[in-house]
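Input: a single structure, listed below in structure tokens.
So that the names make sense, note that chain A is the first sequence line, chain B the second, and so on, each numbered from 1.
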There are 2 protein chains.
Amino acid sequence: MKKRATAQEVAQLAGVSKWTVIRAFTPGASITEVSRAKVMAAAEQMNYRPNLLARSLATRSTRQVAVFVDDFANPYKLQLIEATTAALQAEGLVALLVNINEHLDHVHAILNADQRQVDAVVLLGTSFREETLADSRLRDGGPPLFVLARDSQLAGIPAVSCDSAVAMEDICRHLAARGFGRPGFMSGPRTLSTALGRHRHFRDHWASRGIEVAELQASPYSHAAGAAAMRAYLAANPPGARIDVLVCENDILAHGALDVLRHEAGLSVPSDMAVVGFDDAAPSALPGYDLTTYRQPVGRMVETLVDMLSGRRPHDTIVLRGELVLRSSA
Amino acid sequence: MKKRATAQEVAQLAGVSKWTVIRAFTPGASITEVSRAKVMAAAEQMNYRPNLLARSLATRSTRQVAVFVDDFANPYKLQLIEATTAALQAEGLVALLVNINEHLDHVHAILNADQRQVDAVVLLGTSFREETLADSRLRDGGPPLFVLARDSQLAGIPAVSCDSAVAMEDICRHLAARGFGRPGFMSGPRTLSTALGRHRHFRDHWASRGIEVAELQASPYSHAAGAAAMRAYLAANPPGARIDVLVCENDILAHGALDVLRHEAGLSVPSDMAVVGFDDAAPSALPGYDLTTYRQPVGRMVETLVDMLSGRRPHDTIVLRGELVLRSSA
DNA sequence: TTGTACGCGTTATCAT
DNA sequence: ATGATAACGCGTACAA
């Protein structure tokens, strides 16, 4: 287990000073080709690579981004993680994946990330309350925060997400064209964003036509919770008095609802009840669900975020337009 | 954006030397309660937290573990990521999630991780060839490597995984009891582990009874690949000459196979063909699949790994027994 | 118990 | 173009 070589040692072997070694590894530094070649040869021989820890200490930039994730019952999170890590890595950044669970809340996770000097903290669709981020310990300094793939309107915290208003407009236009008129909405755990996001836009849209939306409540975001909410609804509402279309806050809830409709209640979709999801999670395209849903522009979202992190774009909240994906469920 | 406070500055405010501040934050250091209290008060006031970067540079330990992941088409990976990050965090470690894709191979990812001085690299079920890790640049120094949730027999690289031999024994015993006698196996991309793992044990078991196993090949590990492999098999083999049970290398392949059998071929499971998976991924329990599968002991696996990382257990390859989960598909 | 020199490996800045 | 000095913030070893 040989110790790693340092710039100093490489310099000695190459017969130059350690600063020349540094320059050989610094793009655009002034150094002769001869020196660089000598250094590179010595570096190769000693298997030298710059120590990023020491570099970070000196430059005060770790090229590390903490990515906060919760809600692991939703397979869509995997797609988000994949896209986010890929985009970060393409930029020479690396993701510190932080599992936000009952043992670690946002505030402590941010403090920990700060101790590690991360360049930024990305809240990847995590659930939090507005008050949470107002903690006094987060006031001064601290890493820049970003919200990704979640409706958010926190002052000073840029968010990149899918445009809920346009999305719900697209969805409602489609439903109206198909003649649906007794809508229901299944929402997840209540947090601030809920009030600003999908649920509210959906409700407002129908309200403008004088139609009230039935509310189904599921928590957490999981197949089981979606299924339970649907069971409860069916139990409480006799066949004649039911909604004719259910829009869910995300696909995983829709999957739960669909499975109850088809496999437990023996109802058929969309004739007995249509179902619409949100996200276009991978399973939604499978024959077992074939769910009409709204695809988030994940690629453009992570690109936009990385542009912000790299300073190529101002740190402003931005919403991107997604795309309605028509399948047989609605 | 105030600068972070340093131990030096806290010391000044507390009227002690900076080393006393360090001691106040070092468990088990010799320091009087009076001094510690003074330091803590000052630290609180200045919102001081030790800089882990500087600490790591000095101690040569970052408390960071690089976790390599690929195969994002498999939702089971999310469960593994969740369990792994949770276990690491419980130990005061943090996961550097590295997305192994076409832009980043294992060797370069390991070199990058090494530059960041990670305490260890965990290969979380990633696909790699034996030769890959024999790269010359990985020889000396470098972070300790571990393989998790994947059959592996690489010299010097401890692996923690589910016991494939016992698993296949359990599965085959069950299948024999149910009278199945024309087995098939769907395997994923060919790598070293395939030869040592599930596929080989399954084949060996039937070979000992003089029965040959039909081979279905899918690549990569995805629903689409599993579906395609099943389509190809059905096209090539007329109803009378088919296997009566298919065991898949993992659940995601089994899901693809099941969906083709039920939704495309109109066959019924298990009467026309039984299907068995491996992993017990979350969707397997849903009514849309109801897949008989073999549950990996994820909790114990990650616990074991963390025990190794923390030095509470020798760095030896270990296999843990899983559990057959009986559902309607077989 | 507390204070001091020195090192961790790199980068920024200045002098040559 | 190259060498040298200081600094990044903390830990270890030793002395007081």
Side-chain angles (χ1 to χ4, degrees), chain A residues 2-40 42-43 46-64 92 112 114-119 141 143, chain B residues 2-40 42-43 46-64 111-112 114-119 141 143:
Chain A
K2 204 177 55 183
K3 217 169 88 9
R4 243 177 302 266
T6 74
Q8 180 69 267
E9 297 165 338
V10 173
Q12 199 165 344
L13 179 64
V16 298
S17 74
K18 71 172 182 179
W19 296 279
T20 301
V21 174
I22 302 283
R23 288 193 181 93
F25 282 88
T26 306
S30 52
I31 182 176
T32 53
E33 265 318 309
V34 189
S35 300
R36 151 162 283 141
K38 271 197 301 189
V39 169
M40 285 313 188
M46 304 188 71
N47 202 3
Y48 167 79
R49 319 204 87 209
N51 184 330
L52 296 186
L53 219 56
R55 170 179 296 176
S56 297
L57 185 60
T59 62
R60 344 198 88 229
S61 162
T62 54
R63 309 291 296 165
Q64 290 189 161
N112 289 349
D114 188 37
Q115 285 191 270
R116 295 195 181 270
Q117 304 264 83
V118 298
D119 289 354
Chain B
K2 208 178 56 184
K3 216 169 94 1
R4 242 177 302 268
T6 73
Q8 181 71 264
E9 297 166 337
V10 173
Q12 199 164 345
L13 179 65
V16 298
S17 72
K18 76 166 184 179
W19 295 275
T20 302
V21 174
I22 303 276
R23 288 192 181 92
F25 282 89
T26 307
S30 50
I31 182 177
T32 55
E33 264 318 307
V34 190
S35 301
R36 148 162 284 139
K38 270 197 299 190
V39 169
M40 286 313 188
M46 305 188 70
N47 202 2
Y48 168 80
R49 316 205 89 208
N51 183 329
L52 297 186
L53 216 57
R55 171 179 293 177
S56 297
L57 186 59
T59 62
R60 343 193 55 115
S61 163
T62 54
R63 308 292 297 166
Q64 290 189 161
L111 292 174
N112 290 350
D114 187 38
Q115 285 191 269
R116 294 197 181 269
Q117 304 266 77
V118 298
D119 288 356

Rounded to whole Å, the CG-C1' distance (A/D114 to D/dG9) equals 14 Å
Non-hydrogen side-chain atoms of A/D119 and A/R63 separated by less than 4.5 Å: yes
Less than 4.0 angstrom between a side-chain N/O of A/S35 and OP1 or OP2 of D/dT2, yes or no? yes
Ignoring backbone atoms, establish whether A/T20 has a side-chain N or O less than 4.0 Å from OP1 or OP2 of D/dG3. yes
Starting at atom CG of B/L53, determine the distance to atom P of C/dT11, rounded to an integer number of angstrom. 13 Å
What is the separation between atom CD on B/Q8 and atom C1' on D/dG11, rounded to the nearest whole Å? 14 Å
Please determine if a side-chain N or O atom of A/T59 lies less than 4.0 Å away from the OP1 or OP2 oxygen of D/dC8. no
Could you walk me through whether B/R116 and A/L53 pass the side chain to side chain contact (heavy atoms under 4.5 Å, CB included) check? CA-CA 6 Å; B/R116 294 197 181 269; A/L53 219 56; 5.8 Å; no
Residue pair B/K38 / B/V16, side-chain heavy-atom distance below 4.5 Å: yes
So B/F25, base contact, sugar-phosphate only, or nothing? Heavy-atom distance under 4.0 Å. nothing
Tell me: CD of A/Q12 to P of C/dG9, nearest whole Å? 14 Å
Between P on D/dG9 and CZ on B/R49, what's the gap in Å once rounded to a whole number? 17 Å
Please state how far atom CD in A/E33 lies from atom P in D/dA1, giving the value in whole angstrom units. 11 Å
Using the 3.5 Å cut-off, write out each protein N or O paired with an N or O of nucleotides 4-8 of chain C and the distance between them.
{"from": "C/dA5", "atom 1": "N6", "to": "B/W19", "atom 2": "NE1", "distance (Å)": "2.9"}

From CE of B/M46 across to P of D/dG9 the rounded distance in Å is 12 Å
Answer yes or no: does atom CD of A/Q12 have more than 12 heavy-atom neighbours from other residues, nucleotides or ligands under 6.0 Å? no
Side chains of B/Q117 and A/R4: is there a donor and an acceptor less than 3.5 Å apart? yes
Using a heavy-atom cut-off of under 4.0 Å over every strand shown, decide if A/T32 touches base, sugar-phosphate, or nothing. sugar-phosphate
Taking all atoms of both residues into account, what is the closest heavy-atom pair of B/F25 and B/M40, and its distance? CZ-SD, 3.9 Å
If you define the side chain from C-beta out and look only at heavy atoms, does anything of A/T20 sit under 4.5 Å from A/I31? yes
Over how many whole Å does the gap from B/I22 atom CD1 to D/dA13 atom P extend? 15 Å
